[in-house]
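As structure tokens, the structure follows; a few thoughts come after it.
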Amino acid sequence: MNEVLKVIKSRRSVRKYKPEQIKQEELEMIIEAGIYAPSGHNSQPWRFTVIQDRKVIEHINDISKKVMATVEIEWIRNAGLNPDYDITYKAPTLIIVSGRRDEMSSQVDCCCAVENMLIAAESLNIGSVWLGFASFGFKIEGEAEKIGIPKGYEPYYVFVLGYKEEEYQPSVPSRNYNVVDYIR
Ligand SMILES: Cc1cc2nc3c(=O)[nH]c(=O)nc-3n(C[C@H](O)[C@H](O)[C@H](O)COP(=O)(O)O)c2cc1C
């Protein structure tokens, strides 16, 4: 198997991080992988907000859990109400990927950028996990602006990065291979 395929298969969501910060050159390589993602008519509508200030990361945890605690879906509400649950897993770097509101395929383009960055992180043996939960906090009026998302941009996706505290077994969780229809 070639290196790219190996990295794609070895990436796992990491939920335990070492407190030390990742190196700036590693961060830049990861962001560059995002910049190289495909985008509709090459619009490159993304903006990457890199947060390495612990207080701001904690704030994102707090506001997200506050909203999560009010939703109807029980497992999300329970996660929001659990005082021991940190949605950011205390990772030292959090990245918000925002997309221009006036671009047609902005959200999909940003999604492509995130996946590129997760794969790039794994190639450097840096852990990552996509944080759907972190989007709840941006539902609060004014929070995106307060955190520093530029005007005209929508914060679509959030993920964290850090050195892995523990390695995942490559077989966990398993994948369903019964998802392909061939029409030949
Ligand atoms: C859109 C999206 C949102 C996610 N949100 C969260 C989240 O809020 N918290 C979390 O721990 N994992 C989250 N994940 C990670 C998934 O749980 C994980 O990718 C999935 O279980 C497969 O495991 P793997 O990433 O280790 O292969 C999210 C993944 C995606 C793609």
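Order of listing sets the numbers, starting from 1, for every ligand and every atom in it.
- Below 3.5 Å of separation, one finds no N or O of Val129 facing any N or O of ligand 1.
- When atom types are taken as modelled, the side chain of Glu122 and the backbone of Ile119 share no donor-acceptor pair closer than 3.5 angstrom.
- When heavy-atom distances to ligand 1 are checked against a 4.0 Å cut-off, Arg175 comes that close only through its side chain, counted from C-beta outward.
- When the heavy-atom distances from atom 18 (C) of ligand 1 to Ser13, Ser128, Gly132 are ranked, the shortest goes to Ser13.
- Salt bridge status for Glu154 with Arg101: present, with a side-chain N to carboxylate O gap under 4.0 Å.
- Of the possible donor and acceptor atoms, one in the side chain of Asn116 sits under 3.5 Å from a partner among the backbone N and O of Ala33.
- Counting only distance, with no hydrogens or angles, the side chain of Arg100 and the backbone of Tyr153 share no donor-acceptor pair below 3.5 Å.
- Every atom of ligand 1 with a heavy atom of Arg12 under 4.0 Å away is listed here by number and element: 24 (P), 26 (O), 27 (O).
- Each of the atoms 9 (N), 10 (C), 11 (O) of ligand 1 lies under 4.0 Å from some heavy atom of Tyr89.
- No donor-acceptor distance shorter than 3.5 angstrom exists from the side chain of Asp109 to the backbone of Gln44, with no hydrogens or angles considered.
- Salt-bridge annotation for Glu143 and Lys146: present, with a side-chain N of the basic residue lying under 4.0 Å from a carboxylate O of the acidic one.
- Below 3.5 Å of separation, one finds an N or O of Phe133 facing an N or O of ligand 1.
- The proximity of Tyr157 to ligand 1, defined as any non-hydrogen pair under 4.0 Å, does not occur for either the backbone or the side chain.
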